Structures are given as C-alpha cells and as structure tokens.
A.B. asks: 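Sharing a structure with you now.
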Amino acid sequence: MNEATTSPQQLAQQAAEVLLEKTSQDGFDVAVVLGSGWRPAADVLTENAVDLQEFPMSDLPGFLPPTAQGHGGTVRSGVIAGQRVLVLLGRTHAYEGHELWRTAHAVRTAAAAGVSTVVLTNAAGGLIEGMQVGEPVLINDHINFTAKTPLSGANFVNLVDAYSPELRRRAENLRPGIREAVYAMMPGPQYETPAEIHMLRTLGAGLVGMSTVYETIAAREANMDVLGISLVTNLAAGMTGEALNHEEVLEAGKNAAQDMGELLRELVGTL
Ligand code: HPA
C-alpha cells in the first residue's frame, strides 16, 4: 500500500478492513473520539462492555506510529448496551504539523467500518461568563478560524445542523440544563490572546479549542450523525486575569473524567 497514491477514503477503507478483521466484528455502530487526557473517561464508558479489546491505532493503515515523547493513540472496541462501540483514544492535531487528512482519518475509518453516530469530545476554554471548569457543554455549531479543511476538490458538504439536534436533545434529557455553545477552532498550539478571545466572544463563540472541527466536517461528508461535547477546562484567556497552562487543562480533564464517562455511557444507552 502506498499512502502517496491512495485517497484518504481508500486508506480509511483499508484501515476499516484491518479493524474489522482484528476485532472479529462485521461492523460498528458508534464511535467516540476522546482526547489524550481522556483515558479515565474511556474506562468508565467501557466498564461493563462485552468483548472488550484494545490495540494501538498504528496497527491500522494510515495511523501514525507513536512519537518518542508520548504514547500513540489506541483503539478500544466493545459492545455497550447492545451497541458496537469504537473508542478512539488520542487524536492527531493539525498543529502537530500533519497533513489535514490525518486529523480526519480516525473518523473516516469509523465511517468505513459502518459507524453512523460519532461522539467528538474535547477540552475547551469557556468564553461565557458563569461557565465553570469541569462543566460539559454541547457544541451546537462551530466557527472554523483555521480557514482550512480536510476535504479536497469541489466537495460542498452541508454543515447546517452539523451537530445533530436529535443527539443534543438526548443529551439534554440526560443532563437537564446542560449548556450549548458555538465552538471556535483556533490553529494553536499557542493559546489565544485576550484580544483574540474578545473577538471570538463578539462573534458569538462560547467555546474555544484546537480540534474537532475537521472531524465534524469529515463525519458530515460521510453522513454520520455528530454529537460534540466540550469539557470546559479553563476560562479563556483574559477572562480571569490568570495565565493559561496545559497542566490545568489536563488536571480539569482528569477531575471530570468520571462524570464525562458516565454521560457518554448513558448516551450510548439511548442509541
Ligand atoms: N484555548 C484553546 N484550546 C484550549 C483551551 C483554550 O483556552 N483550553 C483547552 N483547550
């Protein structure tokens, strides 16, 4: 197989074939994408899963080998509440310098494996006064401040209701009063300036982060239903007078992992 002459969709098809063979499944129903700090939430989500398996993403075509500094991503599979669930632990970020199709490869692989519902989770800065660290927020729309796309060619994918109103309604039933907000994707990896946050707030964003949007675009291209959930790990730059740091983001993720895992498990139970 040659990545240079294979389209992203063909590569995802190949990855899906290896995935189905490795897991001895004939398809999957749901995929949940979790950022690198989310392993504890994955453990809660898959607590009572049947036929649980886990292996490195890099076993599948098109996924990058683990870096020297960190662990590579893993794929976990299992049956939860009758749904064949793929948990994708760890994602490829554009700010790491990779080609953009890589950021969408996991979602496209899930689509090629039959997945029709994808749950995209992330850590985000909160832009709305009163938001609390550790609060889950449903993404109801996004603004792509990177001005880039994982699509190629004249591929006019509709993004109206990209974040499924029906899936949001289910989440709202499980967590009455859960907030919804517009997610602004910034290129990163630097955090925003207070002036940039002021701009984003003025334009209607309620969350800011550096992921998810390309995955949503690829998922909608593949006609999957998308639910986006941000965990507010900090208030955005300039809102508290404090500096931002990655450690506080990871810490907030760890502290909320139990709650997020339970929410994800309950959600899968409604599908
Ligand atoms: N900005 C961008 N990305 C983030 C933030 C933030 O404040 N918090 C977590 N991810």
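Both counts, for ligands and for their atoms, begin at 1 and track the order of listing. Worth saying up front: this structure is predicted, and the values here are computed from it rather than measured.
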A.B. asks: Where does L244 meet ligand 1, judged by heavy-atom distances below 4.0 Å: at the side chain, the backbone, both, or neither?
C.D. replies: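 It is the side chain that touches ligand 1; the backbone stays farther off.
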A.B. asks: Just to be sure I'm reading this right: ignoring hydrogens, which of E192, M186, E248 gets closest to atom 2 (C) of ligand 1? Compare them by their nearest heavy atoms.
C.D. replies: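 Considering heavy atoms of E192, M186, E248, the nearest to atom 2 (C) of ligand 1 sits in E192.
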A.B. asks: Roughly how far, to the nearest 0.5 Å, is the CE atom of M210 from the CD atom of E192?
C.D. replies: 5.5 Å
A.B. asks: What is the closest protein heavy atom to atom 10 (N) of ligand 1, and at what distance does it sit?
C.D. replies: A123 O, 3.4 Å
A.B. asks: How far is atom 3 (N) of ligand 1 from its nearest protein heavy atom, and which residue and atom is that?
C.D. replies: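 Checked against all protein heavy atoms, atom 3 (N) of ligand 1 sits closest to G209 CA, 3.4 Å.
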A.B. asks: Identify the protein heavy atom lying closest to atom 5 (C) of ligand 1, giving its residue, its atom name and the separation to 0.1 Å.
C.D. replies: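 So the nearest neighbour among protein heavy atoms is G125 N, 3.4 Å.
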A.B. asks: Go through ligand 1 atom by atom and flag the ones less than 4.0 Å from a non-hydrogen atom of M210.
C.D. replies: 2 (C), 3 (N)
A.B. asks: Does the side chain of N122 pick up a donor-acceptor pair with the side chain of T212 at under 3.5 Å?
C.D. replies: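 Result is yes, a qualifying pair exists.
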A.B. asks: Would you check if there is a donor-acceptor pair between the side chains of R91 and T103 at a distance under 3.5 Å?
C.D. replies: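 There is no such pair between these side chains.
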A.B. asks: What is the closest protein heavy atom to atom 9 (C) of ligand 1, and at what distance does it sit?
C.D. replies: T233 OG1, 3.4 Å
A.B. asks: Please classify the A124 to ligand 1 contact at 4.0 Å (heavy-atom distances, strictly less than): side chain, backbone, both or neither.
C.D. replies: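 Answer for A124: backbone.
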A.B. asks: Verify the distance criterion only: is there a donor paired with an acceptor across the side chains of E54 and T74 at less than 3.5 Å?
C.D. replies: yes
A.B. asks: Say you draw a straight line from OG of S116 to CG of D225; how long is it, rounded to the nearest 0.5 Å?
C.D. replies: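 Atom-to-atom, S116:OG and D225:CG are 6.5 Å apart.
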A.B. asks: For Y163 and T216, does a side-chain donor sit closer than 3.5 Å to a side-chain acceptor?
C.D. replies: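 The answer is yes; a qualifying pair exists.
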A.B. asks: Taking atom types as modelled and ignoring hydrogens, do the side chains of Q14 and Q10 form a donor-acceptor contact shorter than 3.5 angstrom?
C.D. replies: no
A.B. asks: Could you check atom 8 (N) of ligand 1 against the protein and tell me its nearest heavy-atom contact, residue, atom and distance included?
C.D. replies: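 Nearest neighbour among protein heavy atoms for atom 8 (N) of ligand 1, to 0.1 Å: N234 OD1, 2.7 Å.
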